[in-house]
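Down below is the structure, laid out as structure tokens.
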Amino acid sequence: MKFNFLYPSIQKDIDEVENELKLAVSDADAETISEAALHLLTAGGKRIRPMFVCLTARLGEKYEPVLSRSAATSIELIHMASIVHDDVVDDASLRRGRPTIKSMWGNHIAMYTGDFLFAKSLEYMTRVKIEKAHLLLSQVTVELAVGEIEQIKDKYNFEQSVRSYLRRIKRKTALLIAASCGLGGIIADLPEKLDDKLYLFGYYVGMAFQITDDVLDFSQGEKKLGKPAGEDLSQGNVTLPVFFAMQDPLLRKRIERVTETTSKEEIEHLVEAIRSSGAIEKSEQVATDYLNKAARILDEFGNRKEVKPLRQIIKMLDKRDY
């Protein structure tokens, strides 16, 4: 799903960010790590985080393209690093339909590739001479790491609460998207109240984004997602559709028996049972509710033309199926 066509002038920004990302991962002194990072980069991605930086940065009186693109590149590098580390933790063999770095180069190279990407993100943020921007990004990166640890601790924990799940996806996904919007507001030199509103807008969008990803893990198949349906459940990640499905006592008993050794056939049966339980529709409604909250925040920015693509993105996210 590509969003940048919604705002033609952002195409140049996204193209420049893509070029910067290629430069960032090209390091002759770290040939193997560079090759691994380039493998991930060329697998593509929605680039939703860089896009939000560049869009929200346009809400100020004067657009600063160099600062915006540097911040956008930095935040996408952080996202890429988290993906690499996440695949190691989850022992994932596929990402976007392609072999993961850990499956091709092993865990050691994957971990150092993630570290390399984090370091490169710091390099790009040095171009943004705004203390508040650095503080925001450092705080969010800490929370991102905490979210990953929480996910590890809660694997196959079917007694955890929905609140724990929401806090985990907040740290794992929503806060980095929130930071993308908040950074744009900071670069745009908006009043503090407004850049805080943009941060909250990004948080709501990020929560909806991750819940939708968790829904798609059950509602779509390997052909569309590049990974088997139900992989989150197979790996012990308890997501919102699972919580809703476990409201059925019989289905809950079956789900609670899932372990690392559960057969592929049983996971496939559970996926079908969860699809039939109404859990998908309930989860989709929660995602829609978050997007509606995001839309209401945009009302505070009036009918300016720069707000229109943000509204269009919300509509597209509410309908996305991959």
Side-chain angles (χ1 to χ4, degrees), residues 33 36-37 39-41 43 45-46 48-49 74-96 100-103 105-122 125 135-180 182-183 199 202-203 205-217 225-227 230-243 258 260:
I33 289 177
H39 170 78
L40 174 63
L41 180 63
K46 300 176 181 69
I48 189 170
R49 294 157 190 84
S74 177
I75 215 158
E76 186 68 6
L77 287 166
I78 291 173
H79 173 59
M80 290 172 62
S82 70
I83 283 176
V84 177
H85 287 165
D86 202 31
D87 286 341
V88 172
V89 171
D90 291 340
D91 196 28
S93 58
L94 289 175
R95 166 73 64 172
R96 297 168 185 156
T100 57
I101 291 175
K102 67 92 52 191
S103 70
W105 284 274
N107 286 341
H108 290 93
I109 296 296
M111 294 304 292
Y112 282 118
T113 300
D115 293 345
F116 170 81
L117 292 168
F118 270 123
K120 285 291 183 178
S121 75
L122 293 175
M125 273 305 290
L135 183 60
L136 172 62
L137 205 53
S138 63
Q139 290 172 338
V140 166
T141 305
V142 169
E143 291 292 320
L144 179 64
V146 172
E148 293 293 351
I149 294 297
E150 286 181 341
Q151 180 167 304
I152 295 170
K153 289 167 60 178
D154 279 334
K155 278 183 179 291
Y156 301 104
N157 175 15
F158 297 104
E159 298 298 323
Q160 66 183 278
S161 66
V162 175
R163 179 177 292 182
S164 295
Y165 161 77
L166 293 174
R167 184 172 60 243
R168 186 171 68 246
I169 67 170
K170 168 188 171 182
R171 287 169 163 159
K172 178 182 169 66
T173 300
L175 289 186
L176 197 57
I177 293 178
S180 302
L183 276 176
Y199 181 89
Y203 162 73
V205 169
M207 292 295 284
F209 191 88
Q210 184 58 54
I211 290 170
T212 300
D213 268 2
D214 294 342
V215 167
L216 294 175
D217 185 63
L225 297 183
K227 63 176 184 176
E231 189 169 83
D232 283 342
L233 178 58
S234 179
Q235 293 173 348
N237 296 323
V238 187
T239 58
L240 194 58
V242 174
F243 282 109
V258 172
E260 293 177 355

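Predicted, not measured: the structure shown is a model, and the values here were computed from it.
- Taking the side-chain hydrogen bond (donor to acceptor under 3.5 Å, both in side chains) definition, one finds that Asp232 meets it with nothing, sequence neighbours left out.
- Note that CG of Asp90 and CG of Asp86 are 4.5 Å apart. Values are rounded to the nearest 0.5 Å.
- Shortest non-hydrogen contact noted between Ala179 and Val140 is CB-CG2, 3.8 Å.
- Checked against salt bridge (charged side-chain N to carboxylate O under 4.0 Å, His left out), Arg168 has the following partners two or more places apart in sequence or in another chain: Asp154.
- To the nearest 0.5 Å, atoms CD (Gln151) and CG (Asn237) are separated by 4.0 Å.
- With sequence neighbours excluded, the residues that form a side-chain hydrogen bond (donor to acceptor under 3.5 Å, both in side chains) with Thr100 are Ser103.
- Taking all atoms of both residues into account, the shortest heavy-atom contact from Ala81 to Gly114 is CB-O, 3.3 Å.
- The distance from the CD atom of Glu143 to the CZ atom of Arg167 is 10.5 Å, given to the nearest 0.5 Å.
- With sequence neighbours left out, the ring-ring contact (aromatic ring centres under 6.0 Å, His included) criterion links Phe118 to His85.
- Shown here for Tyr112 and Ile33, the closest heavy-atom pair between the two residues is CB-CD1, 4.0 Å.
- Of all heavy-atom pairs between Ala36 and Ile101, the closest is O-CD1, 3.2 Å.
- Each of Ile83, Val84, Asp91 was evaluated against Asp87; a single residue qualifies, Ile83, per the side chain to side chain contact (heavy atoms under 4.5 Å, CB included) test.
- Contacts classified as salt bridge (Lys or Arg N to Asp or Glu O under 4.0 Å) and involving residues 107-121 (residues at least two apart or in different chains) are given here: Lys120-Glu123.
- With sequence neighbours left out, Ser82 forms a side-chain hydrogen bond (donor to acceptor under 3.5 Å, both in side chains) with no residue at all.
- Atom NZ in Lys170 sits 6.0 Å away from atom OH in Tyr203 (nearest 0.5 Å).
- Residues Ile177 and Gly206 share a closest heavy-atom pair of CD1-CA, 3.7 Å.
- For Asn107, the side-chain contact (heavy atoms from CB on, under 4.5 Å) partners at least two apart in sequence or on another chain are Val88, Lys102.
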Report the C-alpha separation of Leu77 and Met125 in whole Å, then their side-chain angles, then the decisive distance to 0.1 Å, and conclude whether the side chain to side chain contact (heavy atoms under 4.5 Å, CB included) test is met. CA-CA 11 Å; Leu77 287 166; Met125 273 305 290; over 6 Å; no

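- When the salt bridge (charged side-chain N to carboxylate O under 4.0 Å, His left out) test is applied to Glu231, no partner is found at least two apart in sequence or on another chain.
- Not counting sequence neighbours, Lys153 has no partner by the salt bridge (charged side-chain N to carboxylate O under 4.0 Å, His left out) test.
- Judged as a salt bridge (charged side-chain N to carboxylate O under 4.0 Å, His left out), and not counting sequence neighbours, the contacts of Glu159 are Arg252.
- Residue Ile149 holds its CD1 atom at 10.5 Å from CG of Leu144, rounded to the nearest 0.5 Å.
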Can you list the steps and then say if Val238 with Asn157 is a side chain to side chain contact (heavy atoms under 4.5 Å, CB included)? CA-CA 7 Å; Val238 187; Asn157 175 15; 5.6 Å; no

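- The side-chain contact (heavy atoms from CB on, under 4.5 Å) test applied to Leu135 returns Ser138, Gln139, not counting sequence neighbours.
- In this structure, the side-chain hydrogen bond (donor to acceptor under 3.5 Å, both in side chains) partners of Gln210, at least two apart in sequence or on a different chain, are Thr173, Asp214.
- Residue Ser234 comes nearest to Tyr156 through the heavy atom pair O-OH, 2.7 Å, listed as atom of the first residue, atom of the second, then distance.
- A distance of 5.5 Å separates CD1 of Ile211 from CG of Leu240, quoted to the nearest 0.5 Å.
- Screening Leu41, Ile75, Thr113 for a side chain to side chain contact (heavy atoms under 4.5 Å, CB included) involving Met80 leaves a single residue, Leu41.
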